[in-house]
Every structure is written in C-alpha cells, then in structure tokens.
Colleague: 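Quick one: structure below, then a few questions.
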Amino acid sequence: MQSHRLPTLEDVARVAGVSRATVSRVVNGVRNVDPQLHQLVWTAVEQTGYVPNRLARSLVTRRTGTVALVVSDSETHDDDPFMSRFFADPYFGRVVGGLMSVLRPAGVQLALQMVGADGHKRLIGDLRNGQADGAVVLSLPARDPLPGLLADARIPAVLIGRPAEPVPISYVDLANETGAALAAERLVARGCQRVGMISGPADVPASQDRITGFQRAMARHGHAWVPSAAGNFTQDSGERAMRALMPEQLDGVFVANDLMALGALLVLRDAGKRVPEDVAVVGFDDSSAALAARPTLTTVRHPLEDMAAEAAKLLLARVEDPAARVSSVIYEPTLVSRQSA
C-alpha cells in the first residue's frame with residue numbers, strides 16, 4: 001500500500017544533500033546561508049513537495065511569513081466597482097507580479113488589504129498585532145495619512161510612489177517629470193504644433209510631476225500654453241477628457257496613462273480623426289493597454305514590475321533590520337515607439 005505521508009525536513013535534506021539544520025535555516029529565512037545551498041534547498045523543497053509548517057516557523061522567527069499589499073484610498077470600498085477596477089487595471093496586476101517575483105522564492109505570502117479612510121487605525125492595529133511582517137503600500141489619495149501612521153508606529157513599510165508629504169518611510173518611484181518630457185519631445189519631433197494633455201488628478205504626486213514635466217518641456221520648445229483636461233486614470237475618464245479637448249483642434253496629445261489613452265483614441269476615431277496622421281497620441285505606462293490599442297500606442301515605459309520587485313526587496317530588508325535608515329530608489333523611464341506617434 002502506497003504511503004501518503006507528508007514530506008519532512010529530513011526528506012528535503014536527503015534530496016538536497018545537506019543537513020537537516022541547513023534546511024531548517026533556509027526554510028525559516030535565517031540569513032548568512034551560502035547562496036548555492038539556499039538554491040539547493042529550495043529546489044529540493046519543490047521536488048519533494050514539502051510545505052513548511054507556518055505556525056512552527058513563526059514561533060521560531062517571530063514572523064508570519066506574510067506581507068500585506070495595502071491599497072489605500074480616501075473612501076471605503078466594500079463595493080464591487082472598486083474591486084472590478086483593481087483586477088481590471090493593468091497597473092495593479094503588474095505590481096502584484098513584481099512583488100511575487102521576489103516574495104515567492106523567499107517563501108513569503110502576499111495578503112491584499114483594501115483600506116478606506118475609516119480603516120487606517122484598524123490596519124495599524126492588525127500589523128502591530130502580527131498579522132503581517134510589513135506592508136507595501138499603494139497610496140491613492142493626494143493627502144493620505146497612512147504613510148505617516150505607519151512611520152509613527154515603526155511598522156516596516158515601503159511605498160510604491162513617493163509620499164505627497166515628507167514622511168520617514170522608504171519608497172520606490174519613477175522619474176515622472178523625465179517621462180513626460182520624453183513624450184513632449186516625441187510630439188515636437190513629429191512637428192505637432194497644437195498639442196494638448198490629458199492629465200491625471202492634479203493633486204496626486206505622480207500626476208503633478210507628469211504635468212510639470214510635460215509643460216516645462218513644451219515651454220522649452222516655445223509652447224507657452226498647453227490645453228489640458230484631467231481624468232482619473234480610467235478609460236472612461238480619458239474619453240471625457242478627450243471630448244473636452246476636441247474644440248482645440250489638436251494635432252498631438254499626451255495622455256498621462258495608457259487606459260485614458262484608450263479612451264482618447266476611441267473619441268478621436270468616432271470624430272473621424274486619423275491617428276497619427278491627424279492627431280499623434282503618446283501614452284504613459286507601457287501596459288497591456290498600449291498593445292491592445294488600435295493603433296498600438298507609443299508610450300512612456302513605467303517599469304512597474306521592476307519597481308514592485310525592488311519594493312519587496314526593500315521591505316524584506318527592513319523586516320530583517322527595522323533600525324536601518326529609510327531609502328528611496330528612483331527608476332528612469334524610456335520611450336517605447338509604436339504606431340500612434
């Protein structure tokens with residue numbers, strides 16, 4: 001009769017050719033293990049199907065082996081529309097993918113937390129009580145108290161995107177002004193003379209930087225005035241903003257994210273405008289929406305997967321050493337040329 005017993009540490013040690021103590025150190029996340037042994041052990045874990053006892057591990061390390069991805073908004077979102085937006089927006093999926101590329105090999109789980117304005121204290125309490133070892137935070141409001149609350153509580157946390165106000169918390173961000181300037185240079189190089197912009201909300205730091213970067217770059221080329229309309233990073237808002245700009249008779253448009261650019265392209269098509277012959281369009285993000293667009297979208301590359309992976313690394317390092325100084329990592333954007341400009 002075939003045995004159905006669960007694999008043990010001894011089984012992993014035998015397959016890896018190392019001691020049981022070495023397997024225990026690797027599985028429990030103890031540092032200073034030789035990288036080659038680390039790889040041997042995790043390969044053996046996969047081969048044997050061994051599942052670490054998370055309760056026993058947490059008793060040894062005083063850690064849960066879980067980090068939270070916190071999406072912080074100004075409102076409470078228990079409704080389906082926000083959840084639908086979360087799972088449909090390429091931005092969030094790319095962040096999760098980047099985080100898991102680091103967390104999964106480290107044996108760390110990811111827990112999603114949606115937090116509205118009335119949930120900050122509860123979240124801080126949960127994290128203090130050990131429901132997760134730390135948090136990667138996507139802060140959506142322009143003035144979000146959560147980063148400051150996390151810093152005050154000395155909870156290991158890393159933001160994706162810089163905080164709106166100075167806070168002693170680590171973050172990973174993009175040089176958004178530089179990216180918007182790349183979009184401006186592309187439109188100017190195409191000979192566009194009547195250029196407009198569809199921005200994100202003006203009080204969001206990333207939006208502020210993209211607005212400033214685009215306006216400054218256009219001003220350097222003699223364009224003192226850039227007509228603009230604001231959206232909220234959704235396709236519908238891109239459609240509304242493009243309709244608002246139609247009376248300007250533009251021949252070039254910078255759109256501050258690819259989803260809004262999809263909406264703008266639909267409005268231009270319905271108006272009988274050819275892209276890029278009549279109106280050139282440049283987006284921002286280089287998400288799956290850029291490839292789904294017709295024509296495919298020239299866009300500024302926002303390396304979200306790499307940024308999220310870096311955020312995960314920073315967080316795991318801070319969990320190991322909570323006294324380490326806070327740090328920032330800024331990524332440089334690039335322009336991806338396709339058919340729309």
Colleague: Run the side-chain donor-acceptor check on residues 325-335: report pairs under 3.5 Å with partners two or more places apart or on a different chain.
Modeller:
from	atom 1	to	atom 2	distance (Å)
Tyr331	OH	Asp306	O	3.3

Colleague: Begin from the C-alpha positions of Thr43 and Gln47 and carry the test side-chain hydrogen bond (donor to acceptor under 3.5 Å, both in side chains) through to its verdict.
Modeller: CA-CA 6 Å; Thr43 299; Gln47 290 176 351; over 6 Å; no
Colleague: Could you give all pairs that pass the ring-ring contact (aromatic ring centres under 6.0 Å, His included) test and reach residues 290-328, with sequence neighbours left out?
Modeller: none
Colleague: Please walk me through it: do Asn232 and Thr234 pass side-chain hydrogen bond (donor to acceptor under 3.5 Å, both in side chains)?
Modeller: CA-CA 6 Å; Asn232 63 4; Thr234 64; 2.7 Å; yes
Colleague: Out of curiosity, does Leu146 fall in the hydrophobic cluster containing Val204 (side-chain heavy atoms, cut-off under 4.5 Å, transitive links)?
Modeller: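 The answer is no; the residues belong to distinct hydrophobic clusters.
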Colleague: Taking Arg186 for its side chain and Ala341 for its backbone only, find out whether a donor-acceptor pair lies under 3.5 Å.
Modeller: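 Answer holds: yes.
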Colleague: Does anything in residues 155-165 form a side chain to side chain donor-acceptor pair (under 3.5 Å)? List the pairs, not counting sequence neighbours.
Modeller: Arg143-Glu165, Arg162-Asp209
Colleague: Would you give me the side-chain donor-acceptor pairs under 3.5 Å for residues 10-21, sequence neighbours excluded?
Modeller:
from	atom 1	to	atom 2	distance (Å)
Glu10	OE1	Thr8	OG1	3.2
Glu10	OE2	Arg20	NE	2.6
Asp11	OD1	Arg5	NH2	3.1
Asp11	OD1	Arg14	NH1	3.3
Asp11	OD1	Arg14	NH2	3.3
Asp11	OD2	Arg5	NH1	3.0
Asp11	OD2	Arg5	NH2	3.3
Asp11	OD2	Thr8	N	2.9
Asp11	OD2	Thr8	OG1	3.3
Ser19	OG	Thr22	N	3.1
Ser19	OG	Thr22	OG1	3.0

Colleague: Mind listing the closest non-hydrogen atom pair of Val70 and Ala135 along with its distance?
Modeller: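 Of all heavy-atom pairs spanning Val70 and Ala135, the closest is CG2-CB, 3.9 Å.
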Colleague: Using modelled atom types only, decide if a donor and an acceptor are shared between the side chain of Thr299 and the backbone of Val282 within a distance under 3.5 Å.
Modeller: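 Such a contact is absent between Thr299 side chain and Val282 backbone.
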Colleague: Could you go through the side chain to side chain contact (heavy atoms under 4.5 Å, CB included) check for Arg94 and Ser288 one step at a time?
Modeller: CA-CA 10 Å; Arg94 293 174 65 194; Ser288 57; over 6 Å; no
Colleague: Is Arg301 salt-bridged to Asp286, going by a charged N under 4.0 Å from an acidic O?
Modeller: yes
Colleague: When you check the gap from the basic side-chain N to the acidic O, do Glu177 and Arg210 get nearer than 4.0 Å?
Modeller: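 Salt bridge flag = no for Arg210 with Glu177.
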Colleague: Could you measure the distance from the CG atom of Leu250 to the CZ atom of Arg194? Nearest 0.5 Å is fine.
Modeller: 7.5 Å
Colleague: Looking only at heavy atoms, which two atoms of Asp144 and Ser139 are closest? And how far apart?
Modeller: OD2-OG, 2.6 Å
Colleague: For a quick test of reading the model, state the closest non-hydrogen atom pair linking Arg243 to Val267 and the distance between them.
Modeller: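 In this case the closest contact between Arg243 and Val267 is CG-CG1, 3.8 Å.
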Colleague: Looking only at non-hydrogen atoms, find the nearest pair between Phe214 and Ala183 and report the distance.
Modeller: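 Result for this residue pair: CE1-C, 4.2 Å.
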Colleague: Locate the shortest heavy-atom distance separating Leu99 from Ala312; write the atom from each residue and the value.
Modeller: CD2-CB, 4.0 Å
Colleague: May I have all residue pairs that pass side chain to side chain donor-acceptor pair (under 3.5 Å) and include part of residues 309-318, sequence neighbours excluded?
Modeller: none
Colleague: What residues form a ring pair (Phe, Tyr, Trp, His ring centres under 6.0 Å) with Phe284, not counting sequence neighbours?
Modeller: none
Colleague: Decide side-chain hydrogen bond (donor to acceptor under 3.5 Å, both in side chains) for Glu185 and His221; before the verdict, give the C-alpha distance in whole Å, the side-chain angles of both, and the deciding distance to 0.1 Å.
Modeller: CA-CA 9 Å; Glu185 296 295 335; His221 289 283; 3.0 Å; yes
